[in-house]
Each structure stands twice: as C-alpha cells, then as structure tokens.
Amino acid sequence: MMQVQLKDGSVRELPENASAMELAKQISGSLARQACAARINGELKDMTTTLTPGAQVEILTFNDEEGRDVFWHSSAHILAQAVKRVFPDAKPTIGPPIENGFFYDFADLTVTEEDFEKLEAEIQKIVQADFKPVRLEYETTDQALAVFGDNPFKKEIIEKLEEGLSAYQQGEFVDLCRGPHLPNTKMVEGFKILKTSGAYWRGDAKNPQLTRIYAISFPDRKQLRAYLHQLEEAKKRDHRILGRKLDLFSFQKEGPGMPFIHPKGMVIWNALLDFWRSLHREDDYVEIKTPAMLSCELWKTSGHWDNYRENMYTSEIEEKVFAIKPMNCPGGMLFYKENQFSYRDLPRRVAEVGNVHRHEMSGALSGMFRVRSFHQDDAHIFMKPADIKNEILGVLRLADKIYSQFDLPYHLELSTRPEKSIGADEDWELTTEGLRAALIESGREFKVNEGDGAFYGPKIDFHIRDAIGRTWQCGTIQLDMSLPMRFELEYIAEDGKPKRPIMLHRALFGSIERFFGILVEHYAGKFPLWLSPVQIRLLPVAERHHDFAAQLGKTLKAAGLRAEVDLSNESVNKKVRNAQVDQVNYILVLGDKEMEENSYMVRTRDNQVHPNIGWDQLVLCLTEESSSRASNSLLK
RNA sequence: GCCCUUAUAGCUCAGUGGUAGAGCGCAUCCUUGGUAAGGAUGAGGUCGCCGGUUCAAGCCCGGCUAAGGGCUCCA
C-alpha cells in the first residue's frame, strides 16, 4: 500500500502502482466518470498515470480550467480523426483548446459547411467507439519522424522539439501530442462544429494558409444546447442587426467601413457627446476642431508619413499632396504652437472630437467595431513633469465617471517601454513611474504589460466588459515623448528659459462609433431614457383623439422630451406592439377616458404597467429621469 | 491583404437550367378599434456588377465589388 495526498490535504491509501483513475474511483464513482486529467506533483498527467508514494494529486474535471482544456484538446483529436476518415489527404497540424472550444488546422483540406454533418456523424462514431487514448513516447527525433515525417508541419514541430516527443493513439488515428488526454472518447457527449476559416501556419501571413475548423464540446448534451442557445441570444444583440432594425445607422457599398449615422442614431450620438462635453467642461478642458486634411509635410514632421503611409488616404491637388488625418495629434500640435505658453498656463487640456480615417484591411472590417472612418474623443494634455501624476489621476477619475454611467465594469493595464523605442532612459523612467504612481494612488488594481508600450511612450489602457462578458479596449492614456520633440513644443519655465512640455494623448470612448456599437449590444437596443431615440409614444385610440394626442405631444416636446404621436390607421394592439418593437421607453394610449380624467396608464416596452399617473407628475418624472441620465425608470 | 461563405422586392428569406415567390414593411380602401400583429386590394425586382457556357442562366463557370466568419491562443 502507498499514500497520496489530495488537494485539500487529506491522505488516501492506495495499492502500490495504482493509477490516478483508481484514486478517482476510490473517491467517488462520479468523479471517476468526470475526470479529465490529473495534476500530479504539479504536472498535468493522464488519468492512466501510475502514482508514486507520497504524490500530491488533484483530479481535474471539465469544471476546472485545465480539465476543460484537456477535454477540448482531446475533442480536437476526435475532430482530426473524423477529418482524416472523411478527407484522407488532409494533413493535421495543430489543434489547441481556446477560450470557447477548440480548433484544428489542416493543410490540404477544403471543407464547406455542407461537410459538417458528415464530419459530425463520423465524430459520433468515434465517441461511441469509446477509444481509450494511449500515450506513445519516442526516444529520438528519427523515431517520431518515421511516423510523422510525411507531414511537413509535424516534421517542423518534431525538429524544433527534438526531445520529449510523444503521441497519442486512438483507434487508427495517431497524433503527435504532448498530452494529457481524456481517459476515453465517450466522455465527449455534446459535440458541435461551429465554423471554418483560413488561418496561417503559426499565425504568420508569410506562411502557407491552412484550413481551420472551429468546434466546441461538452460532457453533457444539455450544456451544448445551453451554449448554442447563448450564442443565439448574443446574435440577437448584434449591433449590426439592431442598428438596422432600430434605424440607427447603415453602411453603403460606396463607403466600405464608413458608417452613415441615421437620425435616431444621431440622437444617441449627440446624447453621448453632450454627456462627454459636460464632464470635460467640469474638468477644465477646452475643445478644438482641426482640419480633416492636411499637407503631407505635416505628416512627415509627425512621422506618420514614414510609418503609417499605407493606411492613409491621400489626395493631390495643384501638385501638392494632402492626407486625410488618421490621428488628431499633429493638428493639435500646430494649435499648441499658435501661442507661447508660460509654466503658469500648464497643464493645458485640449480636447477634440475628430473624425479620422484609416485604411484598414478589407477583411478586418466589422460593423461599427472596426471601421475606416471614425471619431476619436481625443484630448491632448500639455504639462510640466511635475503635473504627470495629477493629470493621470484626473483622467482616471474622468474615465470612471464615463464608464460607470453605463454600468460598464473595466480594468486597467499599464504598458511599459518596448525594445524598439525612442527617448532617453530618464524620460521613460519619469513617465512610466508617473503613470504607475497615479495608478497606485487611484487605488485601482492594474495589470502590467512589460514592453507593450508604444515606441514613443508608456500607456494605460482601459478594458471594459460588456453585458455579454466580452472585453473591449476603449480608453487609453499614452504619454508621448516623440511629438513634442518633432514639433519643438515649448513653454517658458520659471527661470525664463524655454522647456519642452510633456504631452499625453487620451481617449475615453476610444472610437465613438465602436463605443456606440458596444452600447447597442450592452443594452440590447433597450436604451436608458437619456439615450433613447424615442422616449415616449402617444397612441390615440380613434381619430377623434388625434388632436388631443397631438396636443399632449407638443407639451412633451416643449418639456424637452423626445415624443412621437402615432397617427397611423392601425389597431391599438398593433400600435402598442410597434412601439415595443421599436424599443420606445414609454407608451401612452389616449382615448375617451384620458380626455376626461387627465390620468394616464403608462406602459413600458417591457410590458410594465403604471396606472393612474397624473399628467404633470408624468412630465416631471420623465424629464427628471432623462436629464439626470438615470439608468432605470423613475416611474413607480 | 489571404482563406471559407454569402449577395433575389425597403427588411428577412424561399426558389437545382424553361418567362420571378412568401412574410413583414409600403400604398389605397373597409374597419374607429382600449394595451404585443383587424380585414381586403395593390404597387414594388436588369435576381450585386462584368464576362463566359447553353437553344435557354437567378440557378453552371470566371472575374470584380460588397457583406459575414476567421487569420492572437503554438503538438
């Protein structure tokens, strides 16, 4: 007999040479059925692994991140086995687990969605065959090459690894693999191929393109169904679909990646910017507007011409070359140089909501999330070295006000000096520590990405998490040591001598277009009142109530509310439905009763009914809800 | 940019080589209706664009344009 220790510190007695699976069985039958792999003395191993006396053992299931990775990686092998059966010429390359599921990349394979059914049928056969993956180990590179040498991708991997080579076999299928793997294939009850795409070998466009198949699997068919359901739900929030349904924006083939914002979208846009401007006024920002197009000489000075030219739209007129701005900063530099500043004038906070154009690769475009024409809520802060910490703190506070307005949780990341960078060591030290000190003083947690800063300075990024759990990099604070130098910015210091200011770029929404798209999905089109394109719709019951409704509509508009009166020749039921489908916040049906009683029944788009509300009370309540930018209805 | 997929009425989508369809929306009329779809009639399409195959192309082939998924996760 021998003893092993479990994660919780308890000790188990087992026969000599017992495997991890036998341990799991001793603990409980259900654990043994769910066990994906074991962590033995800190290393991930197969359940078949023989335990040694005194070993520390943890049994991992699908509920553990690492267990899940093993589950999905084994699923990838099953997928590859099925692909080999259906397409014998396909050459498997790699097949790792990812955040949601896994993929496998193949060379010499073309699949379409019509093949999915065939592949899934084959996968079911493999699952039902209940293969027990067996680990094979190779002593030498040559041994491994004898098995996999005809696959150039596996060959590359083998030659790179040289030792510790292993493979797993299930039935006729052998795949080079580090492991570990599931004890059997029958555990994979729910399996679904999701999509296929091209992917470059090792992620590099210079390498051959492979065919990638994405899939997901679960130990339980119910979990698969729930996951697929969740995907469907997320699809319903898709800002591209809601944007069309709610008539917020559109794209035209004449302007790929260049959104048209419709009147209802502009209501949201303007509400966002009103909010943004009010906060910036409080924080003593001034706002400017610089030209969309400027001479290429400017872009040569800023460095964009050398580094960014292929992404810039250019135009030649009267033999002079101009470029549409991909960033606002160079224009902001010219503005700074308009005046001579004293140290007393700093920090100077200059904001600009600038429309920038960047020629993104055609395949990268995606709704409002990745566009070629967008607006940055930019600001450039010019300051003395001593101002850094306070200015960063100010921006952190401002960002917090903005994100918390939308109930968007976020986290911060600090990126430090990359290998390729400009500027003196002491400048990097000064600026990076300024950022760090401000982050620490703000009391917020942050992650550090060493070497991930821009070549011209360190930065802080804001990553927000939306209602479906996805994270987005929105805000950014970037210290820039390059532009003040290139543009020879100065201020006059206390000693009367010119000094170079420190400059930072910052954006909080990031791209307004993208933030807009995120909000559409975050709220699933159900905007809070202050953002909502149509806040209230009045539905007269019959024609004799039209004048009454129009009159009330006028009162609401005069109170600053966005009201519509539905005079269409439709039934009341239909009008209510239309208003709810249009995500109108409040719906009022107006008939004889309302004309007589001056008391109203207010219905929301979610079918909440608030009875017996007086007109003045209603107007007061809605104006308060809207102007205070409340997240939830104030009606009781 | 590259790989795969898609493009038919304003929108969502059927239509596998023989003169173009549905639902919603829109228009007109009937209905004047009380809280999620009242009824009838009608208009609306060079089937994304260019070329090819064919007696005949929305459908097959090629090119272009646009859209969607992906190209970060290293056996």
Side-chain angles (χ1 to χ4, degrees), chain A residues 69 72-73 76-77 80 92-106 109-115 138 144 148 151 153-158 160-161 164-168 174-179 181 194-214 235 238 240-241 244-245 247 250-257 310 359-367 539-546 568-582 587-594 600-609 611:
Chain A
D69 281 352
W72 280 336
H73 185 57
H77 275 219
T93 66
I94 61 169
I98 51 176
E99 199 180 334
N100 288 303
F102 53 93
F103 64 76
Y104 210 114
D105 285 348
F106 300 89
L109 172 69
T110 320
V111 274
T112 69
E113 291 190 12
E114 284 143 40
D115 300 317
Y138 303 108
F148 297 104
N151 180 330
F153 302 95
K154 296 286 184 192
K155 196 175 164 200
E156 187 182 320
I157 295 162
I158 291 167
K160 216 170 165 186
L161 276 165
L165 291 163
S166 60
Y168 280 76
V174 187
D175 197 8
L176 189 69
C177 184
R178 174 178 49 201
H181 274 281
L194 298 172
K195 57 199 172 196
T196 111
S197 79
Y200 299 104
W201 171 239
R202 299 198 178 279
D204 189 333
K206 289 192 285 274
N207 288 337
Q209 185 143 24
L210 309 170
T211 297
R212 174 170 297 181
I213 301 178
Y214 285 90
K235 226 189 224 169
D238 189 317
R240 291 165 301 193
I241 293 166
R244 182 180 292 128
K245 267 191 187 157
D247 199 12
S250 63
F251 289 89
Q252 313 292 335
K253 67 174 188 305
E254 289 82 355
E310 65 276 21
H359 190 86
E360 301 288 347
M361 291 193 296
S362 60
L365 302 178
S366 176
L539 316 183
V541 171
E543 249 173 66
R544 64 177 180 283
H545 309 115
H546 279 197
S568 66
N569 181 16
E570 297 289 352
S571 65
V572 173
N573 284 341
K574 186 61 183 288
K575 289 186 194 184
V576 169
R577 177 175 194 274
N578 284 344
Q580 292 185 332
V581 167
D582 291 346
I587 302 156
L588 237 61
V589 175
L590 303 174
D592 293 337
K593 196 172 134 248
E594 285 74 16
Y600 302 84
M601 192 154 109
V602 183
R603 180 171 292 264
T604 72
R605 57 194 170 193
D606 298 317
N607 248 345
Q608 304 278 316
V609 180

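Order of the sequence lines sets the chain letters (A, B, ...), proteins ahead of strands, with each chain counted from 1.
Of the side-chain N and O atoms in A:R603, none sit less than 4.0 angstrom from OP1 or OP2 of B:G34. For the OP1/OP2 pair of B:A75 and a distance below 4.0 Å, the side-chain nitrogens and oxygens of A:R178 include at least one atom meeting the criterion. Within the 4.0 Å cut-off from OP1 or OP2 of B:G33, not a single side-chain nitrogen or oxygen of A:S571 is found. Neither OP1 nor OP2 of B:C3 sits under 4.0 Å from any side-chain N or O of A:T211.
B:G25 and B:U65 are spaced 28 Å apart, taking the C1' atom of each and rounding to whole Å. For B:U5 and B:U41, the P atoms lie 43 Å apart once the distance is rounded to whole Å. Using C1' as the reference atom, B:C30 and B:G23 are 23 Å apart when rounded to the nearest Å. For B:C3 and B:C74, the P atoms lie 26 Å apart once the distance is rounded to whole Å. For B:G33 and B:C26, the P atoms lie 22 Å apart once the distance is rounded to whole Å. Distance check on atom P: B:A7 versus B:C11 gives 14 Å, rounded to whole Å. Nucleotides B:A75 and B:G15 place their P atoms 42 Å apart, quoted to the nearest Å.
With B:G33, B:C11, B:C74 as the candidates, the nucleotide lying closest to the side chain of A:V541 is B:G33. For A:N607, the side-chain atoms get nearest to B:A36 when compared with the rest of B:U32, B:G38, B:A36. Distance from the side chain of A:V581 is smallest for B:A36 among the nucleotides B:C73, B:A36, B:U35. Listed candidates were B:G34, B:A66, B:A75. Nearest to the side chain of A:C177 is B:A75. For A:I157, the side-chain atoms get nearest to B:A75 when compared with the rest of B:U35, B:A75, B:G33.
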Expected rows: protein N/O vs nucleotides 68-71 of chain B N/O, under 3.5 Å:
{"unit_1": "B:G68", "atom_1": "OP1", "unit_2": "A:G367", "atom_2": "N", "d": "3.2"}
{"unit_1": "B:G68", "atom_1": "O3'", "unit_2": "A:R240", "atom_2": "NH1", "d": "3.0"}
{"unit_1": "B:G69", "atom_1": "OP1", "unit_2": "A:R240", "atom_2": "NH1", "d": "3.0"}
{"unit_1": "B:G69", "atom_1": "OP1", "unit_2": "A:R240", "atom_2": "NH2", "d": "2.9"}
{"unit_1": "B:G69", "atom_1": "OP2", "unit_2": "A:R240", "atom_2": "NH1", "d": "3.3"}
{"unit_1": "B:G70", "atom_1": "OP1", "unit_2": "A:K195", "atom_2": "NZ", "d": "3.4"}
{"unit_1": "B:G70", "atom_1": "O3'", "unit_2": "A:Y214", "atom_2": "OH", "d": "2.8"}
{"unit_1": "B:G70", "atom_1": "O2'", "unit_2": "A:S197", "atom_2": "OG", "d": "2.5"}
{"unit_1": "B:G70", "atom_1": "O2'", "unit_2": "A:Y214", "atom_2": "OH", "d": "3.3"}
{"unit_1": "B:G70", "atom_1": "O6", "unit_2": "A:G363", "atom_2": "O", "d": "3.3"}
{"unit_1": "B:G70", "atom_1": "N2", "unit_2": "A:Q209", "atom_2": "NE2", "d": "3.4"}
{"unit_1": "B:C71", "atom_1": "OP1", "unit_2": "A:Y214", "atom_2": "OH", "d": "3.4"}
{"unit_1": "B:C71", "atom_1": "O4'", "unit_2": "A:G198", "atom_2": "O", "d": "3.4"}
{"unit_1": "B:C71", "atom_1": "O2'", "unit_2": "A:Y200", "atom_2": "N", "d": "3.2"}

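Rounded to whole angstrom, the span from the CG atom of A:L539 across to the P atom of B:A37 amounts to 13 Å. Remark: C1' of B:C50 and NZ of A:K253 are 14 Å apart, rounded to the nearest angstrom.
A side-chain N or O of A:R603 and one of A:N607 form a donor-acceptor pair less than 3.5 Å apart.
For A:R202 against B:C74, a side-chain-to-base donor-acceptor contact under 3.5 Å is present.
Within 6.0 Å of CD on A:E99 lie no more than 12 heavy atoms contributed by other residues, nucleotides or ligands.
For A:P256 and A:S568, each mapped to the nucleotide of RNA chain B holding its nearest heavy atom, the one lying further toward the 5' end belongs to A:S568.
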Report task. Scan nucleotides 24-31 of chain B nucleotide by nucleotide, 5' to 3', and note B when protein non-hydrogen atoms come under 4.0 Å of the base, S if they reach only the sugar-phosphate, - if neither. Result -> -S----BB

